[in-house]
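Working notes for the structure below.
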Amino acid sequence: GNSVTQMEGPVTLSEEAFLTINCTYTATGYPSLFWYVQYPGEGLQLLLKATKADDKGSNKGFEATYRKETTSFHLEKGSVQVSDSAVYFCALTSPGNTPLVFGKGTRLSVIA
Amino acid sequence: DTGVSQNPRHKITKRGQNVTFRCDPISEHNRLYWYRQTLGQGPEFLTYFQNEAQLEKSRLLSDRFSAERPKGSFSTLEIQRTEQGDSAMYLCASSPDRGFNEKLFFGSGTQLSVL
(Lines give C-alpha, C1' and ligand atoms only; values in the text may rest on other atoms or scores of the structure.)
Protein backbone atom coordinates (compact mmCIF):
# COMPACT_ATOMS: atom_id res chain seq x y z
CA GLY A 1 0.00 0.00 0.00
CA ASN A 2 0.89 3.66 -0.14
CA SER A 3 3.14 5.08 2.56
CA VAL A 4 5.23 8.14 3.32
CA THR A 5 8.35 8.41 5.44
CA GLN A 6 9.64 11.78 6.54
CA MET A 7 12.51 12.83 8.70
CA GLU A 8 12.03 12.87 12.44
CA GLY A 9 11.78 16.19 14.17
CA PRO A 10 11.90 18.50 15.83
CA VAL A 11 14.09 20.66 13.66
CA THR A 12 15.37 23.90 15.17
CA LEU A 13 16.98 26.52 12.93
CA SER A 14 18.09 30.08 13.23
CA GLU A 15 16.37 32.70 11.11
CA GLU A 16 17.73 32.83 7.52
CA ALA A 17 19.11 29.29 7.71
CA PHE A 18 18.58 26.78 4.89
CA LEU A 19 15.86 24.18 5.45
CA THR A 20 15.57 20.65 4.13
CA ILE A 21 12.94 18.19 5.31
CA ASN A 22 13.34 14.79 3.73
CA CYS A 23 10.38 12.78 2.44
CA THR A 24 10.38 9.43 0.64
CA TYR A 25 7.38 7.43 -0.48
CA THR A 26 6.13 4.04 -1.53
CA ALA A 27 3.19 3.94 -3.90
CA THR A 28 1.57 1.99 -6.66
CA GLY A 29 1.20 3.67 -10.00
CA TYR A 30 1.99 7.35 -10.41
CA PRO A 31 1.08 9.24 -7.27
CA SER A 32 0.65 12.95 -6.71
CA LEU A 33 2.77 14.37 -3.92
CA PHE A 34 1.97 17.12 -1.46
CA TRP A 35 3.34 19.11 1.42
CA TYR A 36 0.80 20.32 3.97
CA VAL A 37 1.60 22.69 6.83
CA GLN A 38 -0.06 23.12 10.21
CA TYR A 39 0.60 26.41 11.95
CA PRO A 40 -0.02 26.57 15.71
CA GLY A 41 -3.73 26.54 16.47
CA GLU A 42 -4.77 26.21 12.83
CA GLY A 43 -5.94 23.45 10.51
CA LEU A 44 -3.73 21.78 7.94
CA GLN A 45 -3.35 23.66 4.71
CA LEU A 46 -1.76 22.80 1.41
CA LEU A 47 1.69 24.30 0.96
CA LEU A 48 2.60 22.89 -2.45
CA LYS A 49 2.09 19.89 -4.70
CA ALA A 50 3.52 18.08 -7.73
CA THR A 51 1.57 15.70 -9.90
CA LYS A 52 4.19 14.06 -12.11
CA ALA A 53 7.85 13.15 -12.18
CA ASP A 54 10.31 16.07 -12.31
CA ASP A 55 7.59 18.58 -11.47
CA LYS A 56 8.60 21.22 -8.95
CA GLY A 57 6.00 22.55 -6.56
CA SER A 58 6.64 25.94 -4.99
CA ASN A 59 4.93 28.38 -2.67
CA LYS A 60 5.98 31.02 -0.10
CA GLY A 61 9.66 30.39 -0.88
CA PHE A 62 9.34 26.63 -0.30
CA GLU A 63 10.13 24.16 -3.08
CA ALA A 64 9.98 20.42 -3.59
CA THR A 65 10.81 18.36 -6.68
CA TYR A 66 9.09 15.06 -7.53
CA ARG A 67 11.97 12.58 -7.99
CA LYS A 68 10.63 9.29 -9.26
CA GLU A 69 14.06 7.65 -9.49
CA THR A 70 14.67 8.15 -5.77
CA THR A 71 10.96 8.15 -4.77
CA SER A 72 11.52 11.40 -2.92
CA PHE A 73 9.87 14.80 -2.48
CA HIS A 74 12.15 16.76 -0.16
CA LEU A 75 11.00 20.17 1.05
CA GLU A 76 13.49 23.05 0.87
CA LYS A 77 13.61 26.73 1.67
CA GLY A 78 16.63 28.92 1.24
CA SER A 79 16.05 31.29 4.16
CA VAL A 80 13.55 30.44 6.89
CA GLN A 81 11.69 32.97 9.00
CA VAL A 82 10.26 32.76 12.49
CA SER A 83 6.80 32.70 10.90
CA ASP A 84 7.67 29.37 9.22
CA SER A 85 7.56 27.62 12.59
CA ALA A 86 4.95 24.89 12.12
CA VAL A 87 4.51 21.16 11.58
CA TYR A 88 5.09 20.02 7.99
CA PHE A 89 3.47 16.88 6.56
CA CYS A 90 4.44 15.08 3.39
CA ALA A 91 1.52 13.26 1.74
CA LEU A 92 0.55 11.38 -1.37
CA THR A 93 -2.46 10.11 -3.24
CA SER A 94 -2.76 7.99 -6.34
CA PRO A 95 -5.38 7.30 -9.02
CA GLY A 96 -8.39 5.22 -8.13
CA ASN A 97 -9.83 7.36 -5.36
CA THR A 98 -7.22 6.29 -2.83
CA PRO A 99 -7.21 8.47 0.27
CA LEU A 100 -4.52 11.04 0.97
CA VAL A 101 -1.82 9.31 3.04
CA PHE A 102 0.33 11.41 5.37
CA GLY A 103 3.74 11.07 6.93
CA LYS A 104 4.17 11.57 10.66
CA GLY A 105 5.03 15.23 10.36
CA THR A 106 8.16 17.24 11.14
CA ARG A 107 8.01 20.07 13.63
CA LEU A 108 10.09 23.10 12.64
CA SER A 109 11.04 25.81 15.10
CA VAL A 110 12.79 28.90 13.80
CA ILE A 111 14.45 31.15 16.35
CA ALA A 112 15.36 34.79 15.86
CA ASP B 1 -15.36 30.60 1.11
CA THR B 2 -16.09 30.33 4.82
CA GLY B 3 -13.89 27.30 5.35
CA VAL B 4 -14.55 23.90 6.88
CA SER B 5 -16.21 24.15 10.27
CA GLN B 6 -16.04 21.50 12.98
CA ASN B 7 -17.97 21.36 16.22
CA PRO B 8 -17.29 21.06 19.03
CA ARG B 9 -13.66 22.14 19.21
CA HIS B 10 -13.14 20.09 22.33
CA LYS B 11 -15.03 17.17 23.85
CA ILE B 12 -14.34 15.52 27.17
CA THR B 13 -16.26 12.36 27.92
CA LYS B 14 -16.19 9.38 30.21
CA ARG B 15 -15.28 5.93 28.99
CA GLY B 16 -18.33 4.09 27.67
CA GLN B 17 -20.24 7.19 26.59
CA ASN B 18 -21.22 7.93 22.99
CA VAL B 19 -19.98 11.07 21.25
CA THR B 20 -20.93 12.75 17.98
CA PHE B 21 -18.95 15.33 16.05
CA ARG B 22 -20.20 17.56 13.28
CA CYS B 23 -18.46 18.84 10.16
CA ASP B 24 -19.75 21.53 7.80
CA PRO B 25 -17.71 21.48 4.59
CA ILE B 26 -17.21 24.30 2.13
CA SER B 27 -20.60 24.61 0.50
CA GLU B 28 -19.78 23.68 -3.08
CA HIS B 29 -17.51 20.76 -2.19
CA ASN B 30 -18.80 17.31 -3.10
CA ARG B 31 -16.22 15.29 -1.19
CA LEU B 32 -15.92 15.10 2.57
CA TYR B 33 -13.25 13.21 4.50
CA TRP B 34 -12.71 12.21 8.12
CA TYR B 35 -9.24 11.70 9.55
CA ARG B 36 -7.91 10.97 13.01
CA GLN B 37 -4.66 12.41 14.33
CA THR B 38 -2.91 11.24 17.47
CA LEU B 39 -0.03 13.02 19.14
CA GLY B 40 3.15 12.87 17.10
CA GLN B 41 1.49 11.18 14.15
CA GLY B 42 0.16 12.30 10.82
CA PRO B 43 -3.55 12.26 10.03
CA GLU B 44 -4.94 8.76 9.54
CA PHE B 45 -7.74 8.32 7.01
CA LEU B 46 -11.04 7.00 8.35
CA THR B 47 -13.73 7.43 5.71
CA TYR B 48 -14.99 9.67 2.92
CA PHE B 49 -18.17 10.70 1.14
CA GLN B 50 -18.97 11.85 -2.33
CA ASN B 51 -22.17 13.80 -1.88
CA GLU B 52 -24.26 11.56 0.39
CA ALA B 53 -22.61 8.29 -0.65
CA GLN B 54 -20.01 6.84 1.68
CA LEU B 55 -17.45 5.47 -0.76
CA GLU B 56 -14.88 4.08 1.64
CA LYS B 57 -15.48 2.95 5.18
CA SER B 58 -13.22 -0.04 5.59
CA ARG B 59 -10.65 2.15 7.37
CA LEU B 60 -13.00 3.02 10.21
CA LEU B 61 -11.20 1.79 13.28
CA SER B 62 -13.92 -0.47 14.62
CA ASP B 63 -17.65 -1.03 14.38
CA ARG B 64 -18.02 1.53 17.17
CA PHE B 65 -17.24 4.22 14.60
CA SER B 66 -19.82 5.38 12.09
CA ALA B 67 -20.30 8.40 9.87
CA GLU B 68 -23.18 9.90 7.95
CA ARG B 69 -23.76 12.65 5.44
CA PRO B 70 -27.51 12.41 4.97
CA LYS B 71 -28.16 15.23 2.52
CA GLY B 72 -24.74 15.58 1.02
CA SER B 73 -23.99 18.68 3.07
CA PHE B 74 -22.82 18.40 6.69
CA SER B 75 -21.50 15.15 8.13
CA THR B 76 -21.43 13.55 11.57
CA LEU B 77 -18.95 11.11 13.03
CA GLU B 78 -20.18 9.02 15.96
CA ILE B 79 -18.14 6.92 18.34
CA GLN B 80 -20.10 4.56 20.53
CA ARG B 81 -18.89 3.18 23.86
CA THR B 82 -15.80 5.35 23.84
CA GLU B 83 -12.48 3.97 25.06
CA GLN B 84 -9.42 5.82 26.30
CA GLY B 85 -7.61 4.86 23.11
CA ASP B 86 -10.12 6.93 21.14
CA SER B 87 -8.60 10.11 22.56
CA ALA B 88 -7.31 12.02 19.54
CA MET B 89 -7.94 14.95 17.23
CA TYR B 90 -10.66 14.20 14.67
CA LEU B 91 -10.23 16.15 11.46
CA CYS B 92 -12.67 16.82 8.69
CA ALA B 93 -11.71 17.94 5.21
CA SER B 94 -13.55 18.70 2.00
CA SER B 95 -12.69 19.08 -1.65
CA PRO B 96 -14.38 19.64 -4.98
CA ASP B 97 -14.71 16.56 -7.15
CA ARG B 98 -12.03 17.33 -9.69
CA GLY B 99 -9.91 14.23 -9.46
CA PHE B 100 -7.68 12.36 -7.09
CA ASN B 101 -5.01 15.04 -6.80
CA GLU B 102 -7.26 17.88 -5.76
CA LYS B 103 -6.20 19.59 -2.55
CA LEU B 104 -8.10 19.09 0.66
CA PHE B 105 -9.38 21.92 2.85
CA PHE B 106 -9.17 20.98 6.51
CA GLY B 107 -11.11 22.15 9.51
CA SER B 108 -9.43 22.88 12.84
CA GLY B 109 -10.54 19.58 14.28
CA THR B 110 -12.37 18.26 17.33
CA GLN B 111 -10.10 17.23 20.20
CA LEU B 112 -11.59 14.25 22.04
CA SER B 113 -10.45 13.31 25.52
CA VAL B 114 -11.83 10.09 27.01
CA LEU B 115 -11.39 9.86 30.76
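Lettering follows sequence order; numbering is per chain, from 1.
The two atoms that bring A/F89 and B/G42 nearest to each other are CE2-CA, 3.6 Å, heavy atoms only. Smallest separation of non-hydrogen atoms from B/S108 and A/G43: OG-N, 4.0 Å. Summarising the geometry of A/G41 relative to B/R9, their closest heavy-atom pair is O-NH2, 4.4 Å, with the distance given to 0.1 Å.
Note on A/F34 and A/Y66: separate hydrophobic clusters, where clusters join Ile, Leu, Val, Met, Phe, Trp and Tyr whose side-chain heavy atoms are under 4.5 Å apart, directly or indirectly. Under a hydrophobic-cluster definition in which Ile, Leu, Val, Met, Phe, Trp and Tyr are linked whenever side-chain heavy atoms come within less than 4.5 Å, directly or via other members, A/I21 and A/V110 are assigned to the same cluster. Following chains of ILVMFWY side-chain contacts shorter than 4.5 Å, one cannot reach A/L46 starting from B/L32, and the two form parts of different hydrophobic clusters. Under the 4.5 Å side-chain heavy-atom criterion for Ile, Leu, Val, Met, Phe, Trp and Tyr, A/V37 and A/Y25 are members of the same hydrophobic cluster. In the hydrophobic cluster analysis, where Ile, Leu, Val, Met, Phe, Trp and Tyr join through side-chain heavy atoms closer than 4.5 angstrom, B/L61 is grouped together with B/L77.
Using a 4.5 Å cut-off between heavy atoms, A/Q38 contacts chain B through its side chain alone, with no backbone atom that close. Proximity to chain A (any heavy atom under 4.5 Å) is restricted, for B/Q37, to the side chain, taken from C-beta onward. Interface residue B/L104: backbone and side-chain heavy atoms are both found under 4.5 Å from chain A.
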Query raised in the report: Given A/Y36 and B/K103, is the side chain to side chain contact (heavy atoms under 4.5 Å, CB included) satisfied, shown in steps?
Result: CA-CA 10 Å; A/Y36 278 78; B/K103 78 175 186 181; 4.0 Å; yes
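Under a cut-off of 6.0 angstrom, the local environment of CD in B/E68 is sparse, with at most 12 non-hydrogen atoms contributed by other residues, nucleotides or ligands. Within 6.0 Å of atom CG in B/L115, more than 12 heavy atoms from other residues, nucleotides or ligands are found, so the atom counts as buried in its surroundings. Within a 6.0 Å sphere centred on NZ of A/K68, other residues, nucleotides and ligands contribute more than 12 heavy atoms.
Note that CG of A/L100 is 9.5 Å distant from OG of B/S95, once rounded to the nearest 0.5 Å. In this structure, the separation between CZ on B/F45 and OG1 on A/T93 is 9.5 Å, given to the nearest 0.5 Å.
A/P99 has its side chain within reach of B/R59: a pair of non-hydrogen atoms, C-beta onward, lies under 4.5 Å apart.
Less than 6.0 angstrom separates the ring centroid of A/F102 from the ring centroid of B/Y35.
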